[in-house]
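Report on the following structure.
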Amino acid sequence: MSTEFLEQDVRYVKGVGEKRADVWAEQYGVRTVRDLFHFYPRRYLDRSTVTPVGRLREGPDPVTVVGTVQSTSIVPGKNQKRFELILQGEQGGRMKCTWFQGVWWVRKAFEEGDQVAFHGKVEKYGRWFSMTHPDFDTLNDEGAILETGRIVPLYPGGEAMENVGLTSRAVRRILYGLFKEHGLKLSEPLPEWMVETYDLMEGRVALRAIHFPKSQAERAEAERRLKFEELFYIQLLLAQMRRQQEEVTGPAFDAPGEHTHTFVREVLPFELTGAQKRSLRQVIEDTQSGVQMNRLLQGDVGSGKTVVAVAAMMHAYDSGYQSAFMAPTELLAEQHYQNLTEYLRPMGLMPHLLVGGQRKSEREAILKDLAEGRVPVAVGTHALIQEEVEFDNLGLAVVDEQHRFGVAQRAEMFEKGTQPHMLLMTATPIPRSLAMTLYGDLDVSKIDEMPPGRKPVDTRLRAEKRRGEVYAFLRDRLEQGEQAYVVYPLVEESEKMDLKDAESGAADLQEQFPDFAVGLAHGQLPSDQTEQTMQRFKAGEIDLLVATTVIEVGVDVPNATVMMIEHAERFGLSQLHQLRGRVGRSDQQSYCILMAGYKRSQEAKQRLQAMVKTNDGFEISETDLQIRGAGDFFGTRQSGMPDLKIADITEDTGILEDARDAAFALVDRDPHLRADAHRQLRHHYETSYANHGLGFARVG
Ligand code: ADP
Ligand code: MG
C-alpha cells in the first residue's frame, strides 16, 4: 500500500495552511503528515487525573486542576510586575496562579469566565494555594467533554502556537480530520513476528489511541507500542553498525608474549584486581580474533584502566604492532606520557610524545620514527590519528576519556584506512540504559572494583560559616605532610570573575598558611607554567594546589589527601565525582570537602547529597542521569543522541531492552532487510530516519 501521503507537507492538511505550518515546523519540527501523526500529546485530562481545587494540598508533585477564571490582574512589585489569576474550582474552592515572566502574553491568554486547566506544583502563600508559571490550557466549551468521561489530550503549545490559533483544541480538530481522511491507510511497519513476540498493539491502532484514547489502559498500551518503535529504530541502526564492524578485519595479535608478561608480573608492583584481569582477558581475546576490536573500558577514576591499557599495548608490541594512546588535552597527554615512560622504561622501551608546540625538527623526527616503525607507543591528543600522522603498522589505539569524543568523532576514527583495534576508556561510568543507546555498537568491559587497600573518600558538605573549622582541618593534614587541592569552578560567562576568585583564593590561602607552599594553576596561565606547577605539586614542593578544573582528569598525586571544592553547588555531579577521584589514590584516608553557598537550587541539593551519600561512580552516574534527564546527560548534539519524542531512556529501560533484542534479532535474520516481510519496515526506516539526524541510517 502506498504511503506517499505521509510525506505530504502539513500545510495542505485541512485546518493547517501556510502560517500555521511555518510555526509548527519552527517550534516542533512538524513538516509532514507523518510528523503530524507523531505530534504526541504532552498530557491528558480526565476526571481521574483532575484534583478538585477544594482539596488541594502543598506538595512536590504537580497536579491538574480545572476551573473558571474569576479575575486577573497585573500587580506592580518591587522589582518586577507580575500577573495574578484567581481560579474558581468546578466544585468550589479558589486558588491563585502567578506569572513573573511573559506577563503581557499571559494577560492576553485569559479572559474572565474562561474555562481552563492548570498543571503545576502547589504551594501555599498565606491563605492561598498557588501555582507559579503553571502549564495551562483553555478548555471553554470543551470542558464539558470531561463530564462525559472522555480523555482530553493536551498538546505542546506556547506563545507562537497560540498566536496562530494552534491551541490544543485546534490540534485535536486537525488530527481528528486527519485520521478520518488517512487513518485507514496507515500501514504496519513492524513485521508480524515482532508484533507478536513483543505483544505490541498494532501501529495504526496505537497512533489513534495515543491521540484519542478510550481509556487510560488503552493509552498505556499505545504508549508502550510507540516507545518500542521509536527505540527500535535506534537499536536497528546500532545493530547494523555493529554488524558492519564485525565484518571489519583487524590485525590478529599473537598470544601474549614476553613484554606483556614482564609488565604484568614484574614491572607492576601490585597484582591486578579481578576486574582488571577480566577486562584484560577480554581485550586480549578480541585482539587475537582477527576482527577489529571496539571495546569500551569503563571504570571509576583510579580503578586502574590505564594499567590495563598499557598491558594491551605491550600485547600489541609483542605481536609486532605499534600503539597510539590518545588523551583529550595536551596537558593530559603529557601526564600520560610521563606515566607510560615510567611503566615502559624497566623493559627498555620508550614512548614518544606528539603534541603541538614541539620544535619542528623534533616533530619531524618523531613522525619519521613513527612511520618507520621505530616507535612502539605514541602518546598525544586526538590529532594523533586524525592528521597527517602515519604509522608503520598501528595495531591498537587507546582513547582516554572517550566521552569527550562525540559519536561523530568516533565514527571518524573507525573510518581510517587501516583498522587498528580500538580501546575506548571512560571514567564517567555510563548508566546501562544510556550505554545501550550511545555505545550500543560497542563491547563493554567494566572495572567495578577498586585496587585493594583504598579507603573510600570521606565526603563532607560545609557551609561558609564553618570555613575556620575547615582550615584548621586542612592545616592538620598539611602538618602530617599530606597535600591538598582547592578547586574553583570556571563558568564560561563569568570566566574573568571566576579566575579572580581562584587567584584571590590562592593569595588568601598563602596568607592563612604561611609555612606552606601554595601553587596556582588555571587555563589562562601559559601552559608550561601550569605544567611546571603540576610537576612541583607532584614532587611535593607545593603543598596546596589552587586550581580551576584543569586538574579534572588525569593528575595522579597519591600523597594528596584533601580535595576542597569551592562553590561546589555550581559543579555538575559527574564533575564533582571526577574531582573527588583525584584523592584517595593511596592507602591513606582521604577527604573531599564541598564548600557550598546557601543559595542552592533543588538540583544542586540533590547533587551535593549524592556526593555525600556514595563513592560509587556507577551509582553517581545513575543519579546524574535521573537529575538531568537523558538529553542533557552528555549533551544531545555533542553525543549524537537522537531526539526522542515519546520514549525516555531513563524510565523506559524494559522497553529499551525489548527493542534492542528485536533489532538485533532482525539484523541476524535479515541483515539488509530484503525479505518481503521487512519491506515496509525498510521503507519506513529509510524515509523517516535517514532524514532525521540519523544520517547513516541506510541499509546496505
Ligand atoms: P585510571 O586510569 O582508571 O584512573 P590508573 O590505571 O591510572 O587508573 O591507576 C590509578 C592508580 O592506581 C595508579 O597509581 C596505579 O599504579 C594504581 N593501581 C592500578 N591498579 C592497581 C592494583 N591492581 N593494585 C594497586 N594499585 C593499582
Ligand atoms: Mg585515568
Side-chain angles (χ1 to χ4, degrees), residues 260-261 263-283 295-315 323 325-329 331-347 351 377 379 396 398-404 423-430 444-457 483 485 534 537-540 551-561 563 574-575 577-588 590 615-618 620-621:
T260 319
H261 292 306
F263 175 69
V264 172
R265 292 183 193 150
E266 291 166 33
V267 175
L268 289 180
F270 44 74
E271 186 166 345
L272 295 182
T273 61
Q276 283 173 314
K277 283 183 190 161
R278 188 181 61 230
S279 304
L280 182 56
R281 218 178 301 125
Q282 288 165 338
V283 169
R295 185 169 285 279
L296 182 69
L297 182 58
Q298 287 194 29
D300 241 322
V301 184
S303 62
K305 296 180 297 296
T306 307
V307 166
V308 171
V310 176
M313 293 194 291
M314 289 301 94
H315 181 210
S323 305
F325 192 113
M326 281 162 289
T329 66
L331 189 72
L332 287 171
E334 281 167 31
Q335 280 170 36
H336 277 305
Y337 169 69
Q338 276 151 21
N339 286 337
L340 289 175
T341 307
E342 275 166 44
Y343 282 135
L344 300 193
R345 191 185 293 131
M347 293 177 286
V377 173
V379 186
L396 172 67
V398 179
V399 186
D400 194 24
E401 294 310 328
Q402 146 67 21
H403 72 276
R404 296 184 164 216
L423 183 61
L424 314 164
M425 308 202 294
T426 177
T428 306
I430 298 146
V444 177
S445 296
K446 263 190 195 176
I447 307 192
D448 48 8
E449 180 186 357
M450 280 297 195
R454 294 278 170 80
K455 297 188 180 75
V457 178
Q483 292 164 281
Y485 298 98
M534 297 280 202
F537 185 63
K538 207 168 171 177
I551 58 157
E552 185 189 343
V553 274
V555 197
D556 192 11
V557 183
N559 190 47
T561 57
M563 169 59 67
S574 299
Q575 212 180 7
H577 181 65
Q578 293 278 333
L579 285 168
R580 175 167 59 182
R582 299 294 108 217
V583 295
R585 313 199 121 217
S586 67
D587 50 12
Q588 306 216 48
S590 288
N615 261 290
D616 178 349
F618 287 95
I620 290 271
S621 71

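In listed order, ligands and their atoms are each counted from 1.
- At least one side-chain heavy atom of E271 sits less than 4.5 Å from a side-chain heavy atom of K277.
- Using a 4.5 Å cut-off on side-chain heavy atoms (C-beta onward), V267 and R345 make no contact.
- Close contacts of ligand 1 with L272, meaning ligand atoms under 4.0 Å from a residue heavy atom, involve 23 (N).
- The shortest distance between side-chain heavy atoms of M313 and L340 falls below 4.5 Å.
- Of all the atoms in ligand 1, the ones that sit under 4.0 Å from a non-hydrogen atom of S303 are 3 (O), 8 (O).
- Side chains of N559 and S586 form no contact here, defined as non-hydrogen atoms less than 4.5 Å apart.
- The N/O atoms of G302, backbone and side chain alike, include one that comes under 3.5 Å of an N/O atom in ligand 1.
- At least one N or O atom of G304 sits closer than 3.5 Å to an N or O atom of ligand 1.
- The nearest pair of heavy atoms linking V444 to R295 is O-NH1, 3.4 Å.
- In this structure, D300 counts as a contact residue of ligand 1, since one of its heavy atoms falls inside 4.0 Å of the ligand.
- A donor-acceptor contact closer than 3.5 angstrom is absent between the side chains of Q588 and T561.
- When each atom of ligand 1 is checked for a heavy atom of T273 under 4.0 Å away, the hits are 23 (N).
- Close contacts between ligand 1 and E271 involve ligand atoms 22 (C), 23 (N), 24 (N) [criterion: under 4.0 Å to a heavy atom].
- Nearest-heavy-atom check against atom 12 (O) of ligand 1 across K305, R454, H336, R585 picks out R454.
- R580 has no carboxylate O lying under 4.0 Å from a charged side-chain N of D300, or vice versa, which leaves the two without a salt bridge.
- Note: an N/O pair closer than 3.5 Å links V307 and ligand 1 by distance alone.
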